Structures are given as structure tokens and as C-alpha cells.
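When reading the values below, keep in mind they use all heavy atoms of this one structure, side chains included, and skip hydrogens, waters and symmetry mates. All values reported here derive from a predicted model rather than from experimental measurement.
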Amino acid sequence: MSGKTTAFVCWLVGHKPVSTLSRSPNTVYTHMRKETCARCGKVLVEERMYYDARTEPEMFRGDK
């Protein structure tokens, strides 16, 4: 679909969010969560999240 068509569809029925979680290259405890629309590519949410390895060890396992 063209850009105007996808923008109209998103305006009409709403965005289709797709979320990614990645580790920040600067610190170990900082993660970046970015949520974009799968149809039009608009960034809906972009935020930093902080996790502690002692209280949430499941976030720091390498078996993902």
C-alpha cells in the first residue's frame, strides 16, 4: 500500500503495534523499548526501561 493509504487505514482502524526490547549499548541495566506500527511504521512509544540483575535475573540470562 502507498503511504497515504496506510496512514488512512491506521487512522480508520487504529495502529497495529509491534514492540521490540533491546539492551542499550551504554549500560548493562538500561533497556530500550520501541513500539512501532506494523502498517505505517510510525513510532508509537520509545522509552528507557531499567532492570536490576539481582532482582530480575530472567532479563539477563543468555538463553533467549
Side chain proximity check, R48 to M32, heavy atoms < 4.5 angstrom: yes

Other cluster members, L44 - Ile/Leu/Val/Met/Phe/Trp/Tyr, side-chain contacts below 4.5 Å: V45

E46: partners by side-chain hydrogen bond (donor to acceptor under 3.5 Å, both in side chains), with sequence neighbours left out: none

Atom pairs and distances, donor-acceptor, side-chain atoms in residues 7-21, under 3.5 Å, two or more places apart:
unit_1, atom_1, unit_2, atom_2, d
T20, OG1, K34, O, 3.3

